[in-house]
Amino acid sequence: MDEPKKIKGFTQALTKAERAEEVKKKEILYPVITIDGPTASGKSTVAQKVAEALGFTYFNTGALYRSVTWRILSLGYDIHDEEKVVEACRKLKLRCIVQKTDRFSRAKILIDEREPDEKTDLRSAEVNAAVSIIASYPRVREWLLPFQRELAHEAPLVVEGRDIGSVVFPESPYKFFLDAQLEEREKRRERQGERDNVEQRDKLDQSRSSAPLCCPVDAVKLDTTKLTIDKVVEKILDILWKKGLPVAGLKTAAKT
């Protein structure tokens, strides 16, 4: 490679790194509730119900990683080749927009102007097997960080994932971590019709070098093994009220 191309490549990389740092430092405009946890801990359903109760926008960051994984697979890239995956990501056109539904607002994910289907695309066996691999690449996570943080400048959020309280929104005072016994989470996965190895997914998520799955030190940890979804939601709403989240009607919602 000649010298001008080296300089250009270095400048582009530097610009992207600086942009990521700027986004991290930029103060978020709206309240963000973070809900982290391992596979089948109840994050998605709980986060949706909390968003509905508060009138916040629900953002499933797992769907963000699944969307990227689905597109990378559909384009025929080798997911085990990190350089190729990163190269492919930089060519993708990714957008996260707030969309209102009947019950609550949600973050709609468009990739190359297409919205992947939740069941046939994002929950396919191929995506289930590949998403932890792609999510383990530090530069993929760095690339996706601005898309996640910038949404907090559009609306108040309930965000679920695996590194939301620890990495994406570390400044949020409203952090929760859901967990459940492995056997119970495996049963939940089976009832969902999923065919992925929960224990193996845990190991991959917890051992990756970049933003591993962990419970933030300042998060409220809830064991959902023997709790109903409604009970978990009730607990979270009650804690938010006690933390002083300035949302009209929150106290009523927490007691219903």
Working for salt bridge (charged side-chain N to carboxylate O under 4.0 Å, His left out), residues E142 and R139: CA-CA 5 Å; E142 180 181 303; R139 283 180 292 172; over 6 Å; no

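Checked options Q192, E184, E190; the residue passing with R188 is E184 (criterion: side-chain hydrogen bond (donor to acceptor under 3.5 Å, both in side chains)). V127 pairs in a side-chain contact (heavy atoms from CB on, under 4.5 Å) with only one of the listed residues (I72, I134, T69), which is T69. Tested against D112 for a side-chain hydrogen bond (donor to acceptor under 3.5 Å, both in side chains), the candidates R71, K91, K93 yield a single pass: R71.
Sparse packing is recorded around CD of E183, with 12 or fewer heavy atoms of other residues, nucleotides or ligands lying under 6.0 Å away. A 6.0 Å sphere centred on NZ of K49 holds no more than 12 heavy atoms belonging to other residues, nucleotides or ligands. Sparse packing is recorded around CD of Q181, with 12 or fewer heavy atoms of other residues, nucleotides or ligands lying under 6.0 Å away.
In the hydrophobic cluster analysis, where Ile, Leu, Val, Met, Phe, Trp and Tyr join through side-chain heavy atoms closer than 4.5 angstrom, L237 is grouped apart from Y30. In terms of hydrophobic clustering, with Ile, Leu, Val, Met, Phe, Trp and Tyr side chains grouped at heavy-atom distances under 4.5 Å, F177 and I239 are assigned to different clusters. Both V131 and V86 belong to a common hydrophobic cluster when Ile, Leu, Val, Met, Phe, Trp and Tyr are linked at side-chain heavy-atom distances under 4.5 angstrom. Clustering ILVMFWY residues whenever any of their side-chain heavy atoms sit less than 4.5 angstrom apart, transitively, puts L64 in the very cluster that holds I133. No continuous path of ILVMFWY side-chain contacts below 4.5 Å connects V159 to I97, so the two sit in separate hydrophobic clusters.
Annotation for I111 and V68: closest pair CD1-CA, 3.8 Å, computed over non-hydrogen atoms. Of all heavy-atom pairs spanning R201 and R66, the tightest one is NH1-NH2, 3.9 Å. Annotation for G165 and P216: closest pair C-CG, 3.8 Å, computed over non-hydrogen atoms.
Residues S44 and E160 have side chains that bring a donor and an acceptor to within less than 3.5 angstrom of each other.
A salt bridge links R141 to D163: at least one charged side-chain nitrogen sits closer than 4.0 Å to a carboxylate oxygen. Classification of E113 and R95 as a salt-bridged pair holds, one side-chain N sitting under 4.0 Å from a carboxylate O. In this structure, R185 pairs ionically with D202, as a charged nitrogen and a carboxylate oxygen lie closer than 4.0 Å. By the 4.0 Å N-to-carboxylate-O rule, R106 lies close enough to E115 to be salt-bridged with it.
Taking the side chain as every heavy atom from C-beta outward, V168 and R149 approach each other to under 4.5 Å.
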